[in-house]
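Report on the following structure.
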Amino acid sequence: MLLNACANPARDLPPDLSTLAPSQRLLPEDRQSAEFQLSCDTLVKELDAISTKTAAVQGSLQQARNDNQSKSVAGLLILTPIWLTMDNAEETKKTLAELETRK
């Protein structure tokens, strides 16, 4: 249970395009995306907003981890049924993965 509370799936890495010229480093689907049409200022603002949301989600995940650790110690020392109240924060982890992918 302890390991499950801290486990995060790794995100898929994009392909390595560093050997290509800078003008050819975008994937075909990236050139068709809505973000490709945005100005640099708009992209910077969106990146800042995503970074702020990511920090907030990471804070709530950290809080859940801290609560789970407290419950684990209490469950180990006092009452094992306390372990049943642990929060795996699956939805928060999913939100964080989506924000990181968007970023």
Under 3.5 Å donor-acceptor, Arg31 side chain and Phe36 backbone: no
Leu26 side, atom CG; Gln24 side, atom CD - distance, nearest 0.5 Å: 10.5 Å
What heavy-atom pair brings Ser39 and Thr42 nearest, and what distance separates the two atoms? OG-OG1, 2.9 Å
Main-chain N/O of Ile50 paired with Thr54 side-chain donor or acceptor, under 3.5 Å: yes
For Ser18 and Asp16, test the side chains for any donor-to-acceptor distance below 3.5 angstrom and give the result as yes or no. yes
With clusters defined by side-chain heavy atoms of hydrophobic residues (ILVMFWY) lying less than 4.5 Å apart, directly or transitively, does Leu27 cluster with Leu20? yes
Heavy-atom side-chain proximity of Glu46 to Leu38 below 4.5 angstrom: yes
How long is the gap from CG on Leu99 to CD on Gln58, to the nearest 0.5 Å? 9.0 Å
Atom pair NZ (Lys53) and CD (Glu98), whose distance is rounded to the nearest 0.5 Å: 11.0 Å
